[in-house]
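Input: a single structure, listed below in structure tokens.
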Amino acid sequence: MALYSEKVMDHFRNPRNVGVIEDADGVGEVGNAKCGDIMKMYLKIDNDIITDVKFETFGCGSAIASSSMATELIKGRPVDEALQLTNKAVAEALDGLPDYKMHCSVLAEEAIKNALDDYHSKKDLKTEG
Amino acid sequence: MIYADNAATTKMSELALKRFVEVASNEFGNPSSLYSIGQSAKDVLENARADVASVINADPREIIFTSGGSEADNQAIISAAKLGEKNGKKHIISTAFEHHAVLHTLEKLKKEGFEITLLDVHSNGIVTADEVEAAIKDETCLVTIMFANNEIGTIQPIREIGAVCRKHNVLFHTDAVQAIGHLPIDVQEYNIDMLSSSGHKFHGPKGTGFLYAKKGIRLTNLIEGGAQEKGKRAGTENVPGIAAMAEALKAAVANIPQHNDSLRAKRDRLIEGLLQIPHSALNGDRDSRLPGNVNFCFEGIEGESLLLLLDDKGISASSGSACTSGSLDPSHVLLAIGRVHDVAHGSLRLSIEDDITNEDIEYIIRSVREVVEYLRGFSPIWRDLVAGKKQFIL
């Protein structure tokens, strides 16, 4: 029995949507180096649709795989829908994570929420301005 | 495949394996039985005991076979604590980077009212005999310090520490699990009162080990139920395992001089090669370290990802990253030598053996460099470091 599912290993070895969006509409960063995981998500949003998403992750195999899967799950989706994404959905899409690695999927969920919060606050600023 | 995790476990040698099968096939008798096949198994057991004893310059009666290093560590420390308690001495000195078999046993004793002093091991991963001496009090019943560290391979000044303990008449135990078979050990010359060892670290079988306890030290049983091992460790002896362990140990010790020369050169080349990776650092003293141990931190990456990608390249290694242990904290050893969490998560231990070739070493260097560069390529920490938003630590 391998440590991770084939899906996790696939997303770890070939992570999707890796990188940076320089003019992102929303950026979210969660975790800290002390605990060994940091995820950063960049969103490009047009008409409340997530048109592009990129991530950078410092962390273990499941942290990288969770980031990758989460970006796949929200890419091209409406913002409202992305806000509903749960860590469980990320873990399930990866065919499961070991119990002690579930926090990686939590981080992925939080990173997306964080980036969407950033997008909303920027949007509010624009409206107010 | 390149196996570079010999500090975790070693492959059984052909010699040990042959001995194991031979004894398991031909000497199935119970050494406690009176009839001849029992007594024949008993002879195998006692010959193994004599072999093991002679390797460390002990008397065969001073060797108790155990299930491994952890059991030996537990029994040595518990025994010393019980003896101390009887005399009203409840202080134990150790170091912050011992194996958990030692540290967890000490934590248990602390709850029972013992005072535990864990000495600093400094940035080089070495405690000094002067520091041990300064920590000794009238109430000290035991000094327990590992011979060589299991993660960073640093060798402790055991001879000097032994002399200090003898001078102050304090029992001295050393966890020699990583050292035995790699470094010459003489319990009399080094004034070692108790020593723990594990068979599978020197090409013997798993589930074997021994505790050396100097004559006159009354051991406390961890396992009750029979007269085996002079009544100090109940349970029918693992005769094939013990015989194979003794065979492996004899071979390892005979090979020490040659092993040291050739392996040290490969280790040093590996260290040189990995130091070329920017913002990397060797963990632990460069000279006073086991001939096959290399341990590095690479800034901006996490150890488990590194291990998994090295595994894809056919290299088996280990890391002190939290993610490989199932806890949130990285290796207590790396923290003990002053590595901060951020950096300790990005550690790699390569523990090599004689079978590794110079080509393997070059392949490891290339592979580690590639994987570190790749992981840094999408690490947000690395981006901040390069952008100057964070200060490099290494």
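Residue numbering restarts at 1 for every chain, and letters A, B, ... go by the order of the sequence lines. Scope of the values below: all heavy atoms of this structure, side chains included, with no hydrogens, waters or symmetry mates.
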| said: Looking at every non-hydrogen atom in both residues, tell me the closest pair between A/A33 and B/I381 and how far apart they are. | reply: CB-CD1, 3.6 Å
| To the nearest 0.5 Å, how far apart are CG in B/L308 and OG in A/S62? | 9.0 Å
| Minimum heavy-atom distance A/G36-B/E302, with the two atoms named | O-CG, 3.6 Å
| said: Report, in residue-number order, which members of residues 14-21 of chain A are under 4.5 Å from chain B by heavy-atom distance. | reply: A/P15, A/V18, A/V20
| What's the spacing between A/I38 CD1 and B/D384 CG if we round to 0.5 Å? | 7.5 Å
| said: Does any backbone or side-chain atom of A/I64 lie under 4.5 Å from a heavy atom of chain B? Answer side chain, backbone, both or neither. | reply: side chain
| request: Please check if atom CG in B/D355 has more than 12 non-hydrogen atoms from other residues, nucleotides or ligands closer than 6.0 Å. | output: yes
| Nearest-0.5 Å distance, CZ of residue A/F58 to CZ of residue B/F378 | 12.0 Å
| field | B/R383, part contacting chain A, at a heavy-atom distance under 4.5 Å | value | side chain
| field | B/S305 to A/F12 - nearest heavy-atom pair and separation | value | O-CZ, 3.5 Å
| message | Would B/E304 and A/K101 count as a salt bridge (Lys or Arg N to Asp or Glu O under 4.0 Å) here? Give the steps. | response | CA-CA 12 Å; B/E304 192 209 76; A/K101 295 286 190 180; 2.7 Å; yes
| With a 4.0 Å cut-off, would you call B/D312 and A/R13 a salt bridge? | yes
